[in-house]
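First the proteins, then the strands, lettered A, B, ... as listed; each starts at 1.
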Number of protein chains: 2
Amino acid sequence: MNNKNNTISSITYDVIKRDIIFGKLKPSIKLKLDNLKNNYNASLSTIRETLNRLASEGFVKAEEQRGFFVNDFTKDDLIEIANIRVLLECHAITLSIENGDTDWEGNLVASHHKLSLLEKETQKDYKKNREEWKKYDWGFHLALVSNCGSQNLLNLHSILYDKYIRYQMAVTKYRGKEAEDEHKILFEAALKRDTKLATETLEKHILKGLEHTLSIFK
Amino acid sequence: MNNKNNTISSITYDVIKRDIIFGKLKPSIKLKLDNLKNNYNASLSTIRETLNRLASEGFVKAEEQRGFFVNDFTKDDLIEIANIRVLLECHAITLSIENGDTDWEGNLVASHHKLSLLEKETQKDYKKNREEWKKYDWGFHLALVSNCGSQNLLNLHSILYDKYIRYQMAVTKYRGKEAEDEHKILFEAALKRDTKLATETLEKHILKGLEHTLSIFK
DNA sequence: ATAAAGTAGAAAATATAATATTTTTTTAAA
DNA sequence: TTTAAAAAAATATTATATTTTCTACTTTAT
C-alpha cells in the first residue's frame, strides 16, 4: 500500500486505510480518537497524524473540533470518482503505451496472468478472496499505467483507484466473466499498442463497474 | 486556502503551505521539527500533523525517520504538474460550461473584472503584488471550473493549481500582456459557451505559463 | 401539553509539555 | 578509509490542561 512499514505511524496508516477500504470501518461512522488509540495500539498523536493524512486523501472527513468520520458513501461521490478515474487512467495508459518498452510488456504479461488465475478462484468464493482479488486487479491496472512517466499522475491514480474500489468492495456480488473479458481485451490491446481500443475498453470497464457498484444505492 | 481558521492546527497548515508556495520555505530545505515548532508557535504534535497533511498533498516530502523536506523543484516535476493541470482543468471547464447558469456567469464576470484590474497594478511591481495576483488569478480560474458539479474534481484541481503556481512564484519576471490576453479570450469563450475555444485557450495558457516558468531551470 | 430555549455536566477534541527510545548524523580517533 | 563515540533529531508515548461539543434535563412561553 505505502512504501515501507518501519514506523508505527506508517503501519497504523496502512491498517486503518485498509480497514476503511474493506469496510471494517464503515462509511459515516465516527472515528473516536480514544477507541482508535485502543484498537490500533498507537498513541493519540500517532492516530491524529494518520487521520490527518487520510483526511487529505479523502478517505476520512475531518470536521474541526468535532472529530473524524469515515467518508460517506453517496451516489454522486461514486460517480465523480469513477469519472475522474476514467480521465486519469485513460490518460496514463495512453502515455504508457507510447513509452512502452520490453520491461513494461513483461510486467504486463505477468500481472495479467496472475490476475486471470486468481479470477477463477474468486468466482468460487468472492467474500473470501476479495482482498486477494483487489491486490491482483490493482497489480494489473498499475502495470498498464506504470510506464506513463509521470510520478504525479501515478500518485493521483493510485488514490482514485482505492476510492473507487472501496465502493466496489461493499458490493457482495462479484462482477465475474464480463470484467474478466474486459481485462483480456484491455491486456491484448495494450500489448498490440492499440491506444484507441485500450482507452475505449478501459473506459467501458470502469463505467460498467460503476454501474454494477451503483446497486449499493438501490 | 482552507475552510476556517479555528484551530491552531489549521492556521499552522495554512501558514506553512503559504510559506512553501511563496518560497519563504525554499525547495529542498529540511523542515526541522524543533525549528518549525519555535517559528510557527505550535507544539511538536501539531507540527507533525501539519507536515503529514502537506506531505500527502505533495508539498512536502516525508522520509521515514529522516524527517520532512520541502519538495524539490525539478523540471520533470513541473512538466508533469502542468500536464495534469491541463487534463483536470480542461475537463472541469467543459463540465462547467455545460452546466453553466446565471449565477456562474455573474461570478465569472466579477472575478475576471477584479483580475484584470489587478493585472494593471501587477505590471508595475510584480514582486510586491505577487501574493495578491495569485489570489485573483486563482479566483478567476476557480470561477471557470466552479460549476463542474464534481467536488472531487475541484479538490484535486485546487491542489494541482497550487503546485503549479509554486513554481511560477519562483520566477521573478511577470508574464504580463500575453497572459492577460489569454485570460480575456478564455473569459469571453466561457461566456459564449464555446467549449472548444475555451479548452484550447486554457491549454495554451497553462503550457505558455509552463514555458515561461521553465526559465528557472536555465 | 407541547415546543422552544436555556443550562449543567459529561464526553471528546485540541493542544502542549515532559520524557523515553530509536535512528540518523556528525565528529573524532584508529 | 573505516570504525567508534557523541550529538542531534525523529519517533512515540503519557499525562495533563483547556476548549468545544454533545446530551440529558429543566425552565419558559405559547
Side-chain angles (χ1 to χ4, degrees), chain A residues 1-20 24-72 155, chain B residues 1-20 24-72 155:
Chain A
M1 213 172 231
N2 209 23
N3 324 4
K4 278 156 197 167
N5 285 335
N6 297 322
T7 60
I8 295 178
S9 199
S10 66
I11 295 169
T12 308
Y13 169 83
D14 286 346
V15 176
I16 294 184
K17 186 169 175 178
R18 193 196 59 206
D19 286 352
I20 290 174
K24 208 169 158 185
L25 294 170
K26 298 211 164 52
S28 306
I29 65 155
K30 174 154 196 189
L31 296 164
K32 286 192 196 162
L33 296 171
D34 233 49
N35 290 350
L36 296 187
K37 183 181 147 225
N38 297 324
N39 295 337
Y40 292 95
N41 293 303
S43 71
L44 256 176
S45 330
T46 306
I47 296 291
R48 283 185 60 89
E49 275 179 30
T50 300
L51 294 182
N52 272 296
R53 286 174 68 186
L54 290 170
S56 81
E57 290 178 15
F59 294 98
V60 158
K61 181 175 61 178
E63 285 191 27
E64 224 150 77
Q65 264 142 350
R66 291 198 52 250
F68 298 89
F69 303 79
V70 176
N71 241 10
D72 284 3
N155 292 344
Chain B
M1 212 169 229
N2 209 21
N3 324 2
K4 276 156 197 167
N5 285 336
N6 296 323
T7 60
I8 295 178
S9 199
S10 66
I11 295 168
T12 307
Y13 169 82
D14 285 347
V15 176
I16 294 184
K17 186 169 176 179
R18 193 197 59 206
D19 286 352
I20 290 174
K24 208 169 158 184
L25 294 170
K26 298 209 162 55
S28 307
I29 65 156
K30 173 152 198 192
L31 297 163
K32 286 194 195 160
L33 296 170
D34 232 50
N35 290 350
L36 296 186
K37 182 181 150 224
N38 297 323
N39 295 337
Y40 292 97
N41 293 302
S43 70
L44 257 176
S45 329
T46 306
I47 295 291
R48 283 186 59 90
E49 275 179 30
T50 300
L51 295 182
N52 272 298
R53 286 174 67 184
L54 290 170
S56 83
E57 289 179 14
F59 294 98
V60 158
K61 182 176 58 177
E63 284 190 28
E64 224 150 78
Q65 264 141 348
R66 291 199 52 250
F68 299 89
F69 304 79
V70 177
N71 240 10
D72 283 2
N155 293 344

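- At C/dA13, none of the side-chain N or O atoms of A/Arg66 fall inside 4.0 Å of OP1 or OP2 (strictly under the cut-off).
- Residue B/Thr46 has a polar side-chain atom (N or O) positioned under 4.0 Å from OP1 or OP2 of C/dT16.
- Between the CD atom of A/Glu49 and the P atom of D/dA10 there is a distance of 12 Å, rounded to whole Å.
- Rounded to the nearest 0.5 angstrom, A/Leu36 CG and A/Lys30 NZ are separated by 10.5 Å.
- Residue A/Phe69 contributes atom CZ, which lies 10 Å from atom C1' of D/dT21 at whole-angstrom precision.
- Atom CG in A/Asn35 sits roughly 11 Å away from atom C1' in C/dA12 (whole-Å rounding).
- Taken from CG in B/Asp72 to NZ in B/Lys26, the straight-line distance is 15.0 Å, to the nearest 0.5 Å.
- To the nearest angstrom, C1' of C/dA12 lies 14 Å from CG of A/Leu31.
- Contact annotation for B/Lys30: backbone-only contact, meaning every heavy-atom pair under 4.0 Å involves sugar-phosphate atoms and none involves a base.
- Taking atom CG of residue A/Asp34 and atom C1' of nucleotide D/dT14, one finds them 13 Å apart after rounding to whole Å.
- Regarding A/Gln65, its CD atom lies at a distance of 7 Å from the P atom of C/dA15, rounded to whole Å.
- Side-chain proximity of B/Leu33 to the nucleotides D/dT11, C/dA15, D/dT13 is greatest for D/dT11.
- A/Thr50 contributes atom OG1, which lies 7.5 Å from atom CG of B/Asn52 (distance to the nearest 0.5 angstrom).
- Rounded to a whole Å, the NZ atom of B/Lys32 is 14 Å from the P atom of D/dT11.
- Using a 4.0 Å heavy-atom distance criterion, B/Ser9 is classed as a sugar-phosphate-only contact.
- Of the candidates D/dA9, D/dT11, C/dT14, C/dT14 carries the atom nearest the A/Arg48 side chain, counting heavy atoms from C-beta on.
- Residue A/Tyr40 holds its OH atom at 9.5 Å from OG1 of A/Thr12, rounded to the nearest 0.5 Å.
- A distance of 6.0 Å separates CD1 of A/Ile20 from CG of A/Leu31, quoted to the nearest 0.5 Å.
- Rounding to whole angstrom units, CG of residue B/Asn38 and C1' of C/dT16 are separated by 13 Å.
- In this structure, the nucleotide among C/dT16, D/dT11, D/dT13 sitting nearest to the side chain of A/Ser45 is D/dT13.
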